[in-house]
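Start at 1 and go down the list; that is how both ligands and their atoms are numbered.
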Amino acid sequence: MKHLLLLFSVLLLSLQPAAFAATHETTATPDSVSLFAYATRGDDGRSGLRFAWSMDGKHWFEIGRNYGYLRCDYSRWGSQKKMLDPNLKQLPGGEWLCVWKLNDHDGYGQARSKDLIYWEAQQYPRTTSDFEGTRVKAKIAGHEETGTVSQVPWSVVDGLTQTYERNQYRNSLYGERPVQDKERFAGLKSVKATVTAQPEETKEISDLLMGIFFEDINYSADGGLYAELIQNRDFEYEPSDREGDKNWNSTHSWKLEGENATFTISTSDPIHPNNPHYAVLKTNQPGAALTNTGFDGIALKAGEKYDFSLFARIPEGSKSGKLLVRLVDADGTVQGETTVTVSSRSWKTYKAVLTAKASADTHLELHPQSAGEIELDMISLFPQNTFKGRKNGLRPDLAQTLADMHPRFVRFPGGCVAHGDGLKNIYQWKNTIGPLEARKPARNLWGYHQSMGLGYYEYFQFCEDIGAEPLPVLAAGVPCQNSACHGDLRGGQQGGIPMSEMGAYIQDILDLIEWANGDAKKTKWGKIRAESGHPKPFNLKYIGIGNEDLITDVFEERFTMIYLAIKEKYPEIIVVGTVGPFNEGTDYVEGWKLADKLGVPMVDEHYYQSPGWFLHNQDFYDKYDRSKKTKVYLGEYATHIPGRRANMETALTEALYLAALERNGDVVHMSSYAPLLAKDGRTQWNPDLIYFNNREVRPTTGYYVQKLYGQNAGDHYIPSQINLDNQDGRVKLRVGSSIVRDSKTGDVIVKLVNLLPVSIETDVRLPGMDGIQSSATRTVLAGAPETTPLPVTDTIEAGTSFKQELPAYSFTVIRLKTQKGKNKQ
Ligand code: AHR
């Protein structure tokens, strides 16, 4: 503080005439100063509410360099979150109220604060600003800004300054990266460590810690995990799915090749109202073909069989006719061929099987063999080889890659996809079950289309197939916190479901539980599930309500209604609430307050952070108040580095943090990296855990870390003490260990992380742990931070005391078998 005042005096002296300097040259604390509150027009206030102070109302000193103390969260990410002409005033009780213009059409936003540092939930849109403070101009750091002035005690400026400085300090820690290790650890020699287990301190931890989060982002579903090979098979692509793309409509991916024919889209008498568009193919003279490009092509595998099917009918005036179905590669070679004869006057399914002659990238061609009209819909090509042979199933290589992680649960269908862009885009589970031709497709807010071919039935079936708990997430009666606000989307995330419709919305959620768990004969929705092919209940235990929403009054009211309704009807279901998109800030604080108030059993935390953040926050859950009832699901996290790549640096940071999660497995019951899948050339978000194209699946280094944790999970945590021969705090921070026991097998698993540029000679001691066998399985993932190594597994001599060298930048997992029966619980 003193140095600030001195600085202030120096600055003032350099700017001011002698008379001013003479009266103000002091290091004493001023009683009060003027506080200027503004948002810079240069970026439409996207950097938020900023402050400057002055003693004389003429010379202003910026508080925090370009630092925003309150950012508007209204509307879409990026350019739409504006803060225009903020007015700040102090209310009679001392509280601060800030009101600002949102844009040219949506009115005003407002927020309140006691100290100008922590701001309560924002509210909008308001139609009037209620007050217009006197706006004045001031020159801040060379720029003229307009804002409001208040008189405040010096302590307010001090508090704001300290907040900024603390943030700067934190940012310098969070900016730490291995690229600086050469300098940071210059001269560091190999380190010696002793890791000693303390079995007497063993505690139970969650056996659901490792799971996966599947969201239809980056073409994860259609064109990805969902094995359908025809793109836009139902002609339901809508221009609104993908703003600004002129080719995005019912004919997307389809083309008429050849002459003497026409291809049009009709809606006059569809198969089902949910599926209103279909194709009309009129052939004057055979020769032309309707073609489909698939999802970046149709990749065939030699010798494999493919189920072709379509809905078709012949309108009055035309005769039945043959359709030649071909899969043709870029050279024009036919790699698969069949025919169907369409004769029905009403919609009817026709089926045929094709066998691929070669592994080739192809497209589909439909050649009418006679003149006349034919109407077509739901044109599908499905490999017979799906995961576990399921009809309407999943791509086996991708699904197996997920299954190999041994995830204990699957969260679906999002993310932002779950709560949608505006009310009309909220994901409705009922639209995603039942016959494919009656499912209701929807816009995917990541800028494409969801056919819903991969729907709730398929998600639940997949969970069952891989032995994972299903964790469906439903909107909390509000759409995505980043919903757009224009046209009929006006209201954005504050446009919660009207109260008159909340009853029906809540009923839909209760129906989901009945659909998943209800008796196949005695309950309406259980019967519907059984008719779809699954008479046995799916045994749903968890349900997510909300996804990193803004915790506002609109949210709280709706979440509470849903929560209480589930609790009343299905007290056994564990509701997972939400606490915003970050590990701190208004939504985090208010979300937790609400969870505590209601006694929500679990909340979903999200944070995408730098390596330095993860490094310096390994104690994030050590500090957790263990008297709380609410457990944590870390539903979305990932390490982000510049360029958003996934490599050893990100993977090792995650390995270190996961050791901390295991240590806190009594509080953190579930976790899932995000996002999971990304198709080459179709990504909206990086990094992702697994990249793929039509032929290949390429897990990232981070995938192997997740897989190693998933395959080597335990349900008991055995604390261990690490002693290093180097007491440098920076060294200690980069070494981690976690020991767990799996009571089903009795195996003891030791995980060791070395994020240092030197190797660590480690003595592992497991005193008092009976029956550990001498031979163990060891898996090591090692490589420089910018590399993408693969894990290597071998067998070692271990026992209750053994030596293990941890290579520089490495993650080591040692799985020790115990004599049968020992250590089992
Ligand atoms: O994981 C990608 C997105 O990140 C999710 O949809 C959303 O919940 C979060 O903002």
Distance-only donor-acceptor check, side chains Tyr637 and Glu654, under 3.5 Å: no
Residues Ser672 and Tyr633: side-chain donor-acceptor under 3.5 angstrom: yes
Are any of the N or O atoms of [X] closer than 3.5 Å to those of ligand 1?
X      : result
Asn547 : yes
Ala674 : no
Glu548 : yes

Heavy atom of Pro581, distance to ligand 1 below 4.0 Å: no
I'd like to check which ligand 1 atoms, numbered from 1 as shown, lie under 4.0 Å from a non-hydrogen atom of [X].
X      : answer
Pro675 : 1 (O), 2 (C)
Trp446 : 3 (C), 6 (O)
Cys416 : 5 (C), 6 (O), 7 (C), 8 (O)

Options His419, Glu636, Glu215, Gln684, ranked by nearest heavy atom to atom 7 (C) of ligand 1, top entry: Glu636
Location of contacts on Tyr637 toward ligand 1, heavy atoms closer than 4.0 Å: neither
Minimum-distance protein heavy atom relative to atom 1 (O) of ligand 1: Tyr608 OH, 2.8 Å
Partner residues of Gln428 under the side-chain hydrogen bond (donor to acceptor under 3.5 Å, both in side chains) criterion, sequence neighbours left out: none
Candidate list Tyr174, Phe582, Phe620, test ring pair (Phe, Tyr, Trp, His ring centres under 6.0 Å), partner Tyr607, passing option: Phe620
Cation-pi geometry met for Arg242 and Tyr448 (6.0 Å, 45°): no
Residues Arg443, Glu238: salt bridge by 4.0 Å N-O rule: no
Criterion side-chain hydrogen bond (donor to acceptor under 3.5 Å, both in side chains) against Asp549, the qualifying member of His419, Arg558, Gln481: His419
